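Below: the structure, in structure tokens.
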Amino acid sequence: MQSQTISNSTEQSKSLTLSAALQVFSAIAVGAALLFVVGFAPMDVAHNAAHDARHSFAFPCH
Amino acid sequence: MAFRNILLSAIIVGICTGLLYGLFQHFQISTIIYAAEVYEVSEETAAPHPHSDTTTHHEHSTEAWGPEDGAERIGYTIGADIAVAIAFALFMISLMALHNLKANKPQITPMTGAAWGVASMIVFFVAPAMFGLHPEVPGTEAATLENRQGWWSLCVALTAAGIAVLYYAPAKLKLGGVVLAAVPHLMGAPMPEHHGFANTDPVAIEALTQLTSQFYLLTTVGMAIFFVVLGTLSGLAVQRFVKLDN
């Protein structure tokens with residue numbers, strides 16, 4: 001009985017650990033996409049809208 | 001739902017920090033950018049720029065949209081500051097939550113959050129900008145944009161990895177962190193063939209040189225405020241609202 005509980009909880013923690021890594025990875029991916037669009041995207045419209053912010057964060061600009 | 005809490009916390013932290021930095025920028029930094037734009041030269045000799053030529057004599061028929069000077073431009077700048085702050089908060093909060101789950105170190109508090117803020121300033125400003133591509137006003141000569149963006153990204157990634165190794169790795173491997181962080185600087189940041197400004201008038205050069213040193217100083221002060229506030233608030237958010245389940 002007890003060993004059953006232990007093996008169950010081990011299994012559960014494995015799948016949830018994967019999910020934790022996935023959630024962290026997803027959050028970082030969303031952040032990277034946002035940073036790219038605002039700070040680095042080459043399209044003129046993105047550059048013009050965020051121009052002063054790009055300079056003030058010392059992102060490469062122009 | 002850790003992801004939802006990370007996202008919501010990052011949005012709130014990002015709005016507060018970005019708004020604060022946006023106001024600092026409005027009063028201290030943007031004025032320097034506007035002053036430098038006065039000296040920008042026409043597009044035949046310099047890189048295309050949206051703001052110097054909004055009033056007259058523009059030859060392109062398909063000028064890309066840009067915000068009007070004044071309230072619209074200020075609004076877009078503050079909005080962009082907030083968006084960048086949300087992006088940095090997403091990195092910081094998710095990695096802090098991972099730290100709380102996995103690391104054999106003290107849990108995150110607002111105080112340790114402030115220290116993470118200092119580390120982030122090293123990653124995103126000190127290493128790529130102060131030690132590489134200096135903060136510059138519009139109209140400064142620089143190497144090809146794509147090369148600078150590539151070097152910037154590499155420098156940020158390796159500095160972050162280097163700090164992580166220094167902090168988390170066992171003592172005998174810590175030196176590896178220093179080596180990682182040093183690599184982009186040994187390669188060297190992409191530099192233009194000749195330093196200076198697109199405008200070659202001596203009066204303009206003198207003015208732009210002064211504006212550049214003011215700009216460097218004030219972006220450094222602004223970034224220090226920005227990252228310490230971002231780190232402290234992120235630490236508070238992780239302490240209160242974000243927990244990854246194991």
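Computed from a predicted model, the values in this text were never measured in an experiment. Each chain gets a letter, A, B and so on, in the order the sequences are listed, and its residues count up from 1.
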(request) Please determine, among Phe215(B), Tyr76(B), Phe3(B), the option with the most heavy-atom pairs under 4.5 Å with chain A. (result) Phe3(B)

(request) Measure Ala29(A) against the heavy atoms of chain B and call it side chain, backbone, both or neither at under 4.5 Å. (result) neither

(message) Keeping Gln25(B) on the side-chain end and Asp52(A) on the backbone end, is there a donor-acceptor pair under 3.5 Å?
(response) yes

(message) Taking side chain as everything from C-beta outward and backbone as N, CA, C, O, which of these in Tyr216(B) sits under 4.5 Å from a heavy atom of chain A? Side chain, backbone, both or neither.
(response) neither

(request) Below 4.5 Å from any heavy atom of chain A, which atoms of Ala97(B) appear? Answer side chain, backbone, both or neither. (result) neither

(message) I'd like to verify something: which residue of Ile29(B), Thr219(B), Asp81(B) has the highest number of heavy-atom pairs under 4.5 Å with chain A?
(response) Asp81(B)

(request) Take the angle between the ring planes of Phe59(A) and Phe40(A) and call it parallel below 30°, perpendicular above 60°, tilted in between. (result) tilted

(message) Between Phe25(A) and chain B, with a heavy-atom cut-off of 4.5 Å, which part of the residue counts as in contact: side chain, backbone, both or neither?
(response) neither

(message) Can you confirm if the aromatic rings of Phe197(B) and Tyr39(B) lie within a centre distance of less than 6.0 Å?
(response) no

(request) Indicate yes or no: at least one non-hydrogen side-chain atom of Trp116(B) is less than 4.5 angstrom from one of Leu95(B). (result) yes

(message) Assess, by modelled atom type and distance only, whether the side chains of Gln23(A) and Ser19(A) contain a donor and an acceptor separated by less than 3.5 Å.
(response) yes

(request) Specify which of Ala58(A), Ala49(A), Ala50(A) makes the most heavy-atom pairs with chain B at under 4.5 Å. (result) Ala49(A)

(request) Return the orientation label for the Tyr21(B) and Phe57(A) ring planes: parallel under 30°, perpendicular over 60°, tilted otherwise. (result) tilted

(message) Please classify the contact between Ala142(B) and chain A as side chain, backbone, both or neither, with a heavy-atom cut-off of under 4.5 Å.
(response) neither

(request) Identify which part of Val38(A) has an atom lying under 4.5 Å from any heavy atom of chain B, answering side chain, backbone, both or neither. (result) side chain

(request) For this output row, return yes or no: ring centroids of Phe24(B) and Phe226(B) closer than 6.0 angstrom. (result) no

(message) For chain B, which candidate among Ala33(A), Ala27(A), Ala32(A), Ser56(A) shows the most heavy-atom pairs at distances under 4.5 Å?
(response) Ser56(A)

(message) Under a 4.5 Å cutoff for heavy-atom pairs, which residue among Ser30(B), Ala129(B), Gly22(B), Ala2(B) has the most contacts with chain A?
(response) Ala2(B)

(request) Without swapping roles, check the side chain of Glu141(B) against the backbone of Pro192(B) for a donor-acceptor pair under 3.5 Å. (result) no

(request) Give the member of Leu7(B), Thr140(B), Ile32(B), Val84(B) that has the highest number of heavy-atom pairs under 4.5 Å with chain A. (result) Val84(B)

